[in-house]
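Each chain gets a letter, A, B and so on, in the order the sequences are listed, and its residues count up from 1. Small disclaimer: the values here were computed from a predicted structure and weren't measured.
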There are 2 protein chains.
Amino acid sequence: MSDRKVISFENLKIACKSCSLVTLCLPMGLDPEDMDRLDRIIKRSRPLHRGDHLFRESDPFECLYIVKTGSVKTYAPSEDGGEQVLGFHLPGELIGLDAIENASHNCSAKVLETAAICEIPFGHLEELSTSMPSLQHQMYRLLSREISQDESMLTLLGKNNAEERLAAFLLSLSARFKRRGFSPYDFYLSMSRHEIGNYLGLAVETVSRLFTRFQEEGLLEVERKHIKLLDLQRMETVTRRSHSDKDRIQST
Amino acid sequence: MSDRKVISFENLKIACKSCSLVTLCLPMGLDPEDMDRLDRIIKRSRPLHRGDHLFRESDPFECLYIVKTGSVKTYAPSEDGGEQVLGFHLPGELIGLDAIENASHNCSAKVLETAAICEIPFGHLEELSTSMPSLQHQMYRLLSREISQDESMLTLLGKNNAEERLAAFLLSLSARFKRRGFSPYDFYLSMSRHEIGNYLGLAVETVSRLFTRFQEEGLLEVERKHIKLLDLQRMETVTRRSHSDKDRIQST
DNA sequence: CTTTTCGTTTGATCTGGATCAAGTTGATTC
DNA sequence: GAATCAACTTGATCCAGATCAAACGAAAAG
């Protein structure tokens with residue numbers, strides 16, 4: 001009887017080959033047959049809502065997750081109730097790669113905006129990649145990319161001041177929205193000022209003041225979560241405003 | 001004629017199965033036959049000396065490197081001659097994993113202490129791992145571990161103050177020396193104060209003052225590069241001295 | 001041996017961003 | 001509508017750690 005309902009559910013469960021994310025997601029570059037094989041092990045859950053967890057720290061590691069729609073943050077909770085935000089994840093991005101090693105998650109993943117998620121049982125994925133060199137290659141690439149990203153984040157936290165960090169953050173979001181077919185100039189933040197600050201190693205107040213300052217400088221317009229970047233070019237230069245000649249380490 | 005020389009060179013070129021690092025290195029856990037297959041693609045170069053580069057940023061990515069003896073630092077050079085130290089690498093540690101994605105290195109690797117290095121052509125390794133599930137699994141684990149480590153470094157830089165960072169750094173070195181059969185209490189630093197500071201996002205002077213302070217507090221004895229940790233237990237508590245209840249983010 | 005050089009230490013001062021303290025603005029509930 | 005509450009903003013103050021400055025010591029070079 002409730003055929004319509006089933007059908008509308010199924011709409012969310014598009015196969016990889018008909019998914020708009022295919023060019024920037026895990027199956028990227030697989031040939032149609034391989035993509036089908038991968039497709040068969042992927043589970044597509046009903047949408048999760050703001051505040052829901054994909055997994056929590058110390059949960060047993062079963063699956064990798066890919067954001068299909070919506071957004072997700074990952075964070076490392078600390079004993080005392082604090083947390084370090086590790087990343088914000090947009091459609092097509094893979095979550096959980098840091099859990100492979102010790103078979104349990106060492107961060108938590110929480111939904112920021114209602115999200116459709118693809119679940120990939122890692123055991124199956126690993127098995128599949130044994131007989132599918134292109135998939136194995138893709139996994140190596142994605143793992144490696146995650147490392148590169150973490151390293152540039154380390155550089156950002158180690159070397160850049162507050163305004164450089166926020167500028168870099170906004171430009172990163174902008175570029176990622178662009179790749180996904182959204183405007184790189186005009187978008188909504190799915191995270192709070194608090195979460196941005198936490199992610200960037202800054203206090204909320206600093207983030208807030210910087211938004212105000214950037215607006216005064218004509219770099220952007222901001223109204224709550226709504227951001228309009230007015231000058232990407234100039235924002236780019238802000239990320240290097242303090243080109244610190246300091247700590248050069250002379251070659252030995 | 002120079003048989004002795006050849007033999008002494010060959011001493012450095014021990015096969016994985018007779019290498020003392022086998023329990024914490026790439027071939028860890030492979031069965032003897034697989035280990036031999038891996039062994040055959042590994043190149044063992046003559047020792048490199050302080051200041052030599054394994055590779056530089058933007059070099060084409062050909063190989064992964066494993067430190068066999070000595071130590072190596074990796075760092076991201078920036079346009080203006082500065083750099084961000086990304087890591088210090090001890091025997092058994094794999095270097096270059098961040099280069100897989102874009103086929104060229106995005107950091108540089110420089111020898112700190114005369115080092116024997118194993119070179120692993122990545123193309124061959126990837127090929128091999130296609131037909132060797134245990135090797136593939138090991139690669140996934142090592143890539144994942146790198147991500148975990150980078151993430152805990154992000155937390156350290158984002159949340160911890162100067163003394164917590166240095167304490168954590170010393171304990172990390174201590175634990176890694178211990179795993180390698182060296183004393184966890186008594187060791188030599190192969191990097192300068194400057195490089196430690198750079199790695200931890202601190203000024204040289206701060207690092208120096210902290211060493212002095214730790215010594216005054218009876219946590220360690222330091223004489224130039226020589227460190228004696230007197231109380232690991234207490235040092236552990238130093239890494240959490242400021243348990244900042246701040247930035248809790250209430251669950252939504 | 002003396003001189004240079006580079007890494008390190010120590011002291012004095014300065015400052016970016018944290019912290020503290022009020023508001024303000026919207027959204028949600030009653 | 002009023003009341004509550006959470007997210008955000010803005011201002012005032014403070015401080016950890018950066019920066020500046022100077023000296024010291026070890027090791028290398030002459």
Side-chain angles (χ1 to χ4, degrees), chain A residues 50-51 73 82 85 112-113 156-167 169 188-216 220-227 238 241-252, chain B residues 49-51 73 82 85 112-113 156-167 188-216 220-227 238 241-252:
Chain A
R50 178 167 178 77
K73 79 165 176 182
V85 174
L112 291 174
E113 286 175 313
L156 195 71
L157 294 187
K159 290 275 164 298
N160 294 100
N161 65 23
E163 72 171 8
E164 291 163 346
R165 293 184 203 183
L166 186 61
F169 171 69
Y188 284 81
L189 299 173
S190 58
M191 69 296 288
S192 68
R193 303 285 191 269
H194 198 126
E195 289 166 321
I196 295 173
N198 185 307
Y199 178 58
L200 297 175
L202 302 172
V204 206
E205 295 93 329
T206 304
V207 175
S208 180
R209 277 185 250 269
L210 284 172
F211 272 123
T212 306
R213 173 133 62 93
F214 284 169
Q215 183 158 38
E216 287 165 358
L220 51 73
E221 278 174 25
V222 51
E223 201 205 335
R224 291 209 127 233
K225 308 265 182 195
H226 185 190
I227 304 286
V238 173
R241 203 121 80 175
S242 79
H243 38 66
S244 47
D245 280 312
K246 358 172 173 176
D247 73 349
R248 314 173 64 122
I249 295 182
Q250 57 294 323
S251 44
T252 308
Chain B
H49 298 100
R50 178 169 178 77
K73 80 165 176 182
V85 174
L112 291 173
E113 286 176 313
L156 195 71
L157 293 187
K159 289 276 165 299
N160 295 100
N161 65 22
E163 73 171 7
E164 291 164 345
R165 293 184 202 183
L166 186 62
Y188 285 81
L189 300 174
S190 59
M191 69 296 288
S192 69
R193 302 285 191 271
H194 198 126
E195 288 166 321
I196 295 173
N198 185 306
Y199 178 59
L200 297 175
L202 303 172
V204 206
E205 295 93 328
T206 303
V207 174
S208 180
R209 276 185 252 270
L210 284 171
F211 272 123
T212 307
R213 174 135 61 94
F214 284 169
Q215 184 158 39
E216 286 165 359
L220 52 72
E221 278 174 25
V222 51
E223 200 204 336
R224 290 209 126 232
K225 308 264 180 194
H226 185 191
I227 304 286
V238 173
R241 202 121 81 176
S242 78
H243 37 65
S244 47
D245 280 311
K246 356 168 178 178
D247 74 349
R248 313 174 65 122
I249 295 180
Q250 56 295 324
S251 44
T252 309

Quick one: side chain to side chain contact (heavy atoms under 4.5 Å, CB included) partners of R193(B), sequence neighbours excluded?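 With sequence neighbours excluded, R193(B) shows a side chain to side chain contact (heavy atoms under 4.5 Å, CB included) to L189(B), V204(B), V207(B), F211(B), V222(B), given in chain and number order.
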
[X] has an atom [atom1]; how far is it from atom [atom2] of [N], in whole Å?
{"X": "E195(B)", "N": "dG7(C)", "atom1": "CD", "atom2": "P", "value": "9 Å"}
{"X": "E164(A)", "N": "dG16(C)", "atom1": "CD", "atom2": "P", "value": "12 Å"}
{"X": "H194(B)", "N": "dT9(C)", "atom1": "NE2", "atom2": "P", "value": "14 Å"}
{"X": "E223(A)", "N": "dT25(C)", "atom1": "CD", "atom2": "C1'", "value": "11 Å"}
{"X": "L202(A)", "N": "dA18(C)", "atom1": "CG", "atom2": "C1'", "value": "10 Å"}
{"X": "Q215(A)", "N": "dC8(D)", "atom1": "CD", "atom2": "P", "value": "15 Å"}
{"X": "L166(B)", "N": "dT8(C)", "atom1": "CG", "atom2": "P", "value": "13 Å"}
{"X": "I196(A)", "N": "dA7(D)", "atom1": "CD1", "atom2": "P", "value": "13 Å"}

ring-ring contact (aromatic ring centres under 6.0 Å, His included) with F214(A): which residues, sequence neighbours excluded?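 With neighbours one apart ignored, the set is empty.
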
Non-neighbouring partners of H226(A) that pass ring-ring contact (aromatic ring centres under 6.0 Å, His included), sequence neighbours left out: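 Result, ring-ring contact (aromatic ring centres under 6.0 Å, His included) vs H226(A): Y188(A).
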
Would you mind reading off the bend of the helix from dC1(C)-dG30(D) to dC30(C)-dG1(D) from its two end axes, five pairs each, to 10 degrees?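 Its terminal axes enclose an angle near 40°.
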
Could you pull out the closest heavy-atom pair between V238(B) and A167(B), with the gap in Å?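 Minimum heavy-atom separation between V238(B) and A167(B): CG1-CB, 3.7 Å.
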
I need the minimum non-hydrogen distance between E195(A) and V85(A), along with the two atoms involved.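 For E195(A) and V85(A), the tightest heavy-atom pair comes out as O-CG2, 4.0 Å.
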
Could you please name the option among dG17(D), dC8(D), dG7(C) that lies closest to any side-chain atom of S192(A)?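 Comparing dG17(D), dC8(D), dG7(C) against the side chain of S192(A), the answer is dC8(D).
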
Within the structure shown, what part of the strands sits under 4.0 Å from G197(B) by heavy-atom distance: base, sugar-phosphate, or nothing?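 Nothing: the residue G197(B), judged by heavy atoms under 4.0 Å, touches no strand.
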
For A203(A), report the nucleic acid contact type (base, sugar-phosphate, nothing); a contact means any heavy atom under 4.0 Å.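 Result for A203(A) = base.
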
Any chance you could measure K159(A), atom NZ, to L157(B), atom CG, to the nearest 0.5 Å?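 Going from NZ on K159(A) over to CG on L157(B), the span is 9.0 Å.
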
Rounded to the nearest 0.5 Å, how far apart are NE2 of H194(B) and OG of S208(B)?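 Taking NE2 in H194(B) and OG in S208(B), the distance rounds to 13.0 Å.
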
With sequence neighbours excluded, tell me which residues meet side chain to side chain donor-acceptor pair (under 3.5 Å) with E163(B).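 E163(B): side chain to side chain donor-acceptor pair (under 3.5 Å) contacts with R213(B), R241(B).
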
Who pairs with S190(A) by side chain to side chain donor-acceptor pair (under 3.5 Å), at least two apart in sequence or on another chain?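 If we apply the side chain to side chain donor-acceptor pair (under 3.5 Å) test to S190(A), skipping adjacent residues, the hits are S71(A).
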
Would you say K225(B) reaches dG7(C)'s phosphate, i.e. side-chain N/O to OP1/OP2 under 4.0 Å?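 So the side-chain polar atoms of K225(B) never come under 4.0 Å of the phosphate oxygens OP1 or OP2 of dG7(C).
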
Dump every N/O contact between nucleotides 9-11 of chain D and the protein below 3.5 Å, one line per pair.
from: dT9(D); atom 1: OP1; to: R193(A); atom 2: NH2; distance (Å): 3.3
from: dT9(D); atom 1: OP2; to: R193(A); atom 2: NE; distance (Å): 2.9
from: dT9(D); atom 1: OP2; to: S208(A); atom 2: OG; distance (Å): 2.8
from: dT9(D); atom 1: O5'; to: S208(A); atom 2: OG; distance (Å): 3.0
from: dT10(D); atom 1: OP2; to: T212(A); atom 2: OG1; distance (Å): 2.6
from: dG11(D); atom 1: N7; to: R209(A); atom 2: NH1; distance (Å): 2.7
from: dG11(D); atom 1: O6; to: R209(A); atom 2: NH2; distance (Å): 3.2

